[in-house]
Engineer: 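Here it is, the structure in full.
Just so it is clear, the structure is predicted and the values come from calculations on it, not from any experiment.
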Amino acid sequence: VAGNFLHEIFEHIDFHNRQFWHLEIHRRFKNDYAGLWAELIEKYQQAFASDEPQQQQEDTLIEWVMTGVHDGLATPLMEGFHLGQLQAHEHLAEFPFYLALSDRVFAIQRIHDLFDEYKEKYNIQMPEFNHANSARYLNGSIDLVFFDGQRYHIADYKSNFLGTAQQHYHSEAIQDSMSSASYWLQAALYLVALHRYLSVKLENYQIDQHLGGASYLYLRGMNGEHGQGYQYWRPDSEFILRLDAILGYFSEDKLDQKMGLNC
């Protein structure tokens, strides 16, 4: 529930202007997450034995949420860039995608082999995948697609609890979490989806020039400091193109079959 709440806050606020953040947070708590709100008030009262007026307690909690959101947006992800720099027209939330795949047996082992080939370069430990007989398309929704002035990137918000201290959200801990949850695969599929979209929509698209990377944002650990609470990964273009080829294209396969029959 807390994760859904945080996703919706980041989906609807203006990253660059916090003037109305408190209204959005208050509205979400009161209208959509009343149970979570009541639980937070109760925990606040238990933790601080507070005899403050109810309104003051609520104002304090909303201010704390705003601080957490601000720290997340202020955390530098790459070469000093942080999400708080983005204007409203430079990012899209909940970006849907549909990947049409080849009309063949799904090559799940080839995908695992590709990750295994790059595991030392990217420090990736990928668990074995479940067996899959076939798939015709993949669909999903990317939490955030954004443009940093040079390249297009994806970001995914995570509310995973890794511990109570900041040290539990250092880069190494984030990498371990991503490996155990196979988030590297999710990130790679998102980047293939963005690559296919840009190749169709962006004039003179060049993968090296225009496709960026994936930022996995562990919101509980993002405190505005470099290397804290996130993992930024930009795999080689070759890796993305090879994964794209393994997934295949349904329409091209059908066309190849038709041409073969005609011959």
Side-chain angles (χ1 to χ4, degrees), residues 1-13 15-16 18 21 24-25 28-29 33 36 39-40 43-44 47-48 60-86 91 93-94 115 118-127 141-146 148 153-191 212-235:
V1 176
N4 290 339
F5 168 78
L6 290 170
H7 273 73
E8 291 188 21
I9 293 299
F10 280 94
E11 179 182 351
H12 291 97
I13 62 170
F15 289 177
H16 200 65
R18 61 182 293 169
W21 286 8
E24 180 64 30
I25 293 169
R28 293 282 163 189
F29 270 137
Y33 293 91
L36 177 62
E39 185 176 352
L40 287 175
K43 289 183 180 295
Y44 180 91
F48 300 101
T60 299
L61 284 170
I62 289 177
E63 185 63 36
W64 286 354
V65 175
M66 289 178 59
T67 299
V69 171
H70 174 269
D71 288 349
L73 294 176
T75 300
L77 302 180
M78 46 192 169
E79 299 177 357
F81 175 85
H82 55 86
L83 294 179
Q85 298 173 219
L86 294 172
H91 62 93
E94 296 299 320
F115 275 95
Y118 283 83
K119 66 180 181 181
E120 293 185 3
K121 181 174 184 177
Y122 298 133
N123 194 23
I124 290 175
Q125 299 297 323
M126 186 66 71
S141 183
I142 302 173
D143 287 348
L144 184 71
V145 172
F146 65 93
D148 69 354
H153 308 261
I154 71 101
D156 197 79
Y157 306 122
K158 298 298 182 187
S159 60
N160 303 46
F161 178 78
L162 304 184
T164 57
Q166 284 294 147
Q167 67 190 41
H168 298 135
Y169 297 88
H170 286 171
S171 297
E172 295 79 6
I174 301 297
Q175 287 184 326
D176 290 342
S177 174
M178 290 189 62
S179 292
S180 63
S182 296
Y183 287 157
W184 304 108
L185 174 61
Q186 183 187 44
L189 293 173
Y190 284 176
L191 288 172
S215 293
Y216 271 61
L217 312 179
Y218 283 63
L219 300 173
R220 296 176 187 266
M222 298 180 76
N223 64 351
E225 299 296 328
H226 175 73
Q228 190 68 45
Y230 71 92
Q231 176 68 43
Y232 175 74
W233 179 45
R234 185 173 178 234

Engineer: Are W233 and Y122 near enough that their ring centres are under 6.0 Å apart?
Structural biologist: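 Judged by ring-centre distance (under 6.0 Å), W233 and Y122 do meet the cut-off.
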
Engineer: Are side-chain heavy atoms of F29 and L36 found at a separation under 4.5 Å?
Structural biologist: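 F29 vs L36: side chains touch.
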
Engineer: Measure the spacing between CG of L217 and OG of S159 and express it to the nearest 0.5 Å.
Structural biologist: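 Reported to 0.5 Å precision, the distance equals 12.0 Å.
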
Engineer: Is there a donor-acceptor contact under 3.5 Å linking the side chains of Q231 and Y183?
Structural biologist: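 Judged by distance alone, the side chains do not pair up.
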
Engineer: Hey, does the side chain of Y169 reach the backbone of L162 with a donor-acceptor pair shorter than 3.5 angstrom?
Structural biologist: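 Yes: the side chain of Y169 pairs with the backbone of L162.
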
Engineer: If only atom types and distance count, is the side chain of H170 paired as donor or acceptor with the main-chain N or O of G227 below 3.5 Å?
Structural biologist: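 Judged by distance alone, no pair lies under 3.5 Å.
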
Engineer: Can you measure from CG (L144) to CD1 (I154) and round to the nearest 0.5 angstrom?
Structural biologist: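 Reported value, rounded in 0.5 Å steps: 8.5 Å.
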
Engineer: Donor-acceptor check, side chain of S182 to backbone of M178, threshold 3.5 angstrom: yes or no?
Structural biologist: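 Flag not set: sc S182 to bb M178 has no pair under 3.5 Å.
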
Engineer: What distance do H7 atom NE2 and Y157 atom OH have between them, rounded to the nearest 0.5 Å?
Structural biologist: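 With rounding to 0.5 Å, NE2 (H7) is 8.0 Å from OH (Y157).
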
Engineer: For the atom pair OG1 (T60) and CG (L40), what is the distance rounded to the nearest 0.5 Å?
Structural biologist: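 Here the interatomic distance stands at 12.5 Å.
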
Engineer: Would you say the side chain of Q175 lies within less than 4.5 Å of the side chain of N123, judging by non-hydrogen atoms?
Structural biologist: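 Of all side-chain heavy-atom pairs linking Q175 with N123, at least one is under 4.5 Å.
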
Engineer: Is a donor on one side and an acceptor on the other found under 3.5 Å between the side chain of Y230 and the backbone of I174?
Structural biologist: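 Side chain of Y230 to backbone of I174: no pair is present.
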
Engineer: Between L83 and F15, which heavy-atom pair has the shortest distance, and what is it?
Structural biologist: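 Closest pair (atom of L83, atom of F15, distance): O-CD1, 3.6 Å.
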
Engineer: So which heavy atom on S179 is nearest to which on W184, and how close?
Structural biologist: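 Closest approach of S179 to W184: OG-NE1, 3.0 Å.
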
Engineer: Could you grab the distance from atom NZ of K119 to atom CD1 of I124, nearest 0.5 Å is fine?
Structural biologist: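 It comes to 11.0 Å.
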
Engineer: Could you tell me which non-hydrogen atom of H16 sits nearest to which non-hydrogen atom of Q85, and how far apart they are?
Structural biologist: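 Minimum heavy-atom contact is ND1-O, 3.8 Å.
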
Engineer: Does atom NE2 of H226 have more than 12 heavy-atom neighbours from other groups under 6.0 Å away?
Structural biologist: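 No, because the 6.0 Å sphere around NE2 of H226 holds 12 heavy atoms or fewer from other groups.
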
Engineer: Does D143 use its side chain to pair, donor to acceptor, with the backbone of E94 at less than 3.5 Å?
Structural biologist: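 A pair under 3.5 Å: no.
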
Engineer: Checking H168 side chain against T164 main chain: does a donor-acceptor pair fall under 3.5 Å?
Structural biologist: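 The answer is yes, because a donor-acceptor pair under 3.5 Å joins these two groups.
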
Engineer: Would you say H153 and R234 are linked by a side-chain donor-acceptor pair, where the criterion is simply a distance under 3.5 Å?
Structural biologist: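 No, no side-chain donor-acceptor pair sits under 3.5 Å.
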
Engineer: First locate atom CZ of R28, then atom CD of E11, and finally report the distance between them rounded to the nearest 0.5 Å.
Structural biologist: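 Reported to 0.5 Å precision, the distance equals 7.0 Å.
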
Engineer: Looking only at heavy atoms, what is the nearest atom pair of P235 and L191, with distance?
Structural biologist: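 Heavy atoms of P235 and L191 come nearest at CD-CD1, 3.7 Å.
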
Engineer: Any non-hydrogen side-chain atom of N160 less than 4.5 Å from a side-chain atom of R220?
Structural biologist: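 They are not in contact (no side-chain heavy atoms under 4.5 Å apart), so the answer is no.
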
Engineer: Do S177 and Y218 have a side chain donor and acceptor closer than 3.5 Å?
Structural biologist: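 Y218 and S177 do have a side-chain donor-acceptor pair below 3.5 Å.
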
Engineer: Hey, does the side chain of Q228 reach the backbone of E225 with a donor-acceptor pair shorter than 3.5 angstrom?
Structural biologist: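 Looks like no, no N/O pair under 3.5 Å.
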
Engineer: What class does the angle between the rings of Y33 and F5 fall in, given that below 30° is parallel, 30 to 60° is tilted and above 60° is perpendicular?
Structural biologist: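 Y33 and F5: perpendicular rings.
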
Engineer: Mind checking whether W21 and R18 have side chains closer than 4.5 Å, heavy atoms only?
Structural biologist: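 Side-chain contact under 4.5 Å: yes.
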
Engineer: Side chain of H12, backbone of I9: donor and acceptor closer than 3.5 Å?
Structural biologist: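 It does not hold such a pair.
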
Engineer: Can you name the closest pair of heavy atoms from F81 and D148 and give their distance?
Structural biologist: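 In this case the closest contact between F81 and D148 is CE1-CB, 3.8 Å.
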
Engineer: Do I13 and L73 make a side-chain contact, defined as non-hydrogen atoms from C-beta onward lying under 4.5 Å apart?
Structural biologist: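 SC-SC contact between I13 and L73 confirmed.
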
Engineer: Restricting to non-hydrogen atoms, name the atom on M222 and the atom on D71 that form the minimum distance, rounded to 0.1 Å.
Structural biologist: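 Shortest heavy-atom contact: O-CB, 3.6 Å.
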
